[in-house]
Amino acid sequence: MLAVEGVSVAFGGVRALDGVSFEVGEGLVCGVIGPNGAGKTTLFDVVSGLRRPDEGLVRMAGRDLTGVSPLRRARAGLRRTFQRTQVFGRLTVADNVLAALDWHGGGGGLAADLAGLPSRRRLERERRERVAEVLELCGLTPLRDAYAAALPVGRRRLVELARALADRPRLLLLDEPTSGLDAGQTDRLGEVIRALDTTVLLVEHDMGFVMGTCDRIVVLDLGKVIATGSPAEIREDPVVRAAYLG
Ligand SMILES: Nc1ncnc2c1ncn2[C@@H]1O[C@H](COP(=O)(O)OP(=O)(O)OP(=O)(O)O)[C@@H](O)[C@H]1O
Ligand SMILES: [Mg+2]
């Protein structure tokens, strides 16, 4: 589903990514770990199209994404969440998710709205059902009418996840999804991610979460991939232990 091929990004003298290559098979959950400044967020920026690599390319389902805008990547089924949460504070939790569904329109647009066409009403019903489904999945049903701005950061993170899941992405990027979550919410998040059909690439510092949630792990250090493998392989890898796990 995702192939990163020889990607390099430099900021002045800093090589944030240096010839990074790896693949993620369809439906798998892949974790990216590494110390602060390893290049994890930069990698996400490249995959989601916010930053163009100096070298290398990214493919999604075989398609070269070089030169494809973030919006068109999103249309192709790619979603991401951010290290700092981004939700609509002045909308309710339910409306945040609804807005994530509404962005590509459909159902005949404004004219259909005004005429109250049956096709439009059916679409609205389907959307409300999908919102309810996603809120339930993320444990947000009791908070559906709360304003997002009033929520603690852990809950806002779940709202952001719900928004990203709303229209069933093919490839989901999660940047530090457990930060701000308590132990119970972290476990729940792991279960939600495991239950998805979606291919997931996630950056995370919580090793217990990474080991328990991911099928594969890519270890970055100073912009280079120093190891890839299953959680068990990564735990035993001498290079990783020396460089990172200590
Ligand atoms: N916009 C930028 N301008 C200059 N240097 C940058 C920029 N973004 C990142 N860097 C540098 O590139 C390197 C990789 O940064 P990046 O944010 O990708 O790391 P990270 O693995 O996400 O770190 P963290 O775990 O702290 O989130 C770091 O040395 C960082 O200082
Ligand atoms: Mg980062």
Check [X] against [Y] and note the closest heavy-atom contact, atom names and distance.
X	Y	result
Ala94	Val131	O-CG1, 3.8 Å
Gly39	Leu220	C-CD1, 3.9 Å
Gly154	Leu181	O-CD2, 3.0 Å
Gly56	Pro53	O-CG, 3.8 Å
Val203	Pro177	O-CD, 3.2 Å
Gly190	Thr213	CA-OG1, 4.0 Å

Side-chain contact test, heavy atoms from C-beta onward, threshold under 4.5 Å: evaluate it for [X] versus [Y] and give yes or no.
X	Y	answer
Ile234	Arg216	no
Leu57	Leu65	no
Leu143	Arg155	yes
Thr81	Leu173	no
Val219	Val225	no
Thr66	Val58	no
Phe209	Leu189	yes
Leu174	Ile193	yes

[X] side chain vs [Y] backbone, donor-acceptor pair below 3.5 Å:
X	Y	value
Arg73	Val68	yes
Glu160	Gln86	yes
Lys40	Pro35	yes
Asp95	Leu91	no
Arg194	Gly212	no
Glu204	Gly31	no
Asp215	Cys30	no

Shared hydrophobic cluster, [X] / [Y] (ILVMFWY, side-chain heavy atoms < 4.5 Å):
X	Y	result
Val93	Leu101	yes
Val32	Leu196	no
Ile217	Phe44	no
Leu165	Val97	yes
Val218	Met1	yes

In terms of side-chain geometry, is the basic nitrogen of [X] or [Y] positioned less than 4.0 Å from the acidic oxygen of its partner?
X	Y	value
Glu136	Arg144	no
Arg59	Asp64	no
Arg130	Glu133	yes
Arg127	Asp167	no

Discussion item. Surrounding CG of Leu28 (heavy atoms of other residues, nucleotides or ligands, distance under 6.0 Å), is the total greater than 12?
Written reply: yes
Discussion item. A quick test of your reading: do over 12 heavy atoms of other residues, nucleotides or ligands sit less than 6.0 Å from CZ of Phe22?
Written reply: yes
Straight-line distance of [X] [atom1] to [Y] [atom2], nearest 0.5 Å:
X	Y	atom1	atom2	answer
Arg170	Glu26	CZ	CD	6.5 Å
Thr186	Glu191	OG1	CD	11.5 Å
Ser8	Lys224	OG	NZ	8.5 Å
Arg79	Arg163	CZ	CZ	10.0 Å
Arg51	Leu17	CZ	CG	9.5 Å

Discussion item. Could you check whether Ser179 and Arg157, counting side-chain N and O atoms only, form a donor-acceptor pair closer than 3.5 Å?
Written reply: yes
Item to complete: Using only heavy-atom distances, determine whether the side chains of Thr41 and Asp175 contain a donor-acceptor pair under 3.5 Å.
Response: yes
Worksheet entry | Intermediate values then yes/no, side chain to side chain contact (heavy atoms under 4.5 Å, CB included), Thr199 and Leu2 | CA-CA 8 Å; Thr199 308; Leu2 174 68; 5.5 Å; no
Worksheet item: Could you go step by step and tell me if Val159 and Leu140 meet the side chain to side chain contact (heavy atoms under 4.5 Å, CB included) rule?
Response: CA-CA 8 Å; Val159 175; Leu140 289 169; 4.1 Å; yes
Worksheet item: Applying the side chain to side chain contact (heavy atoms under 4.5 Å, CB included) test to Arg80, which of Leu201, Leu171, Leu50 qualifies?
Response: Leu50
Worksheet item: Name the one of Pro70, Ser48, Pro169 that satisfies side chain to side chain contact (heavy atoms under 4.5 Å, CB included) with Leu78?
Response: Ser48
Worksheet, complete the sentence: Hits for side chain to side chain contact (heavy atoms under 4.5 Å, CB included) against Glu236, two or more places apart or cross-chain, chain-then-number order -> Arg241
Fill in: Trace of the side chain to side chain contact (heavy atoms under 4.5 Å, CB included) decision for Val29 with Cys214
CA-CA 5 Å; Val29 179; Cys214 300; 4.1 Å; yes
Item to complete: Please report the C-alpha distance between Arg168 and Thr198 in whole Å, then the side-chain angles of each, then the deciding distance to 0.1 Å, and finally whether the side chain to side chain contact (heavy atoms under 4.5 Å, CB included) criterion is met.
Response: CA-CA 7 Å; Arg168 300 181 175 86; Thr198 306; 5.9 Å; no
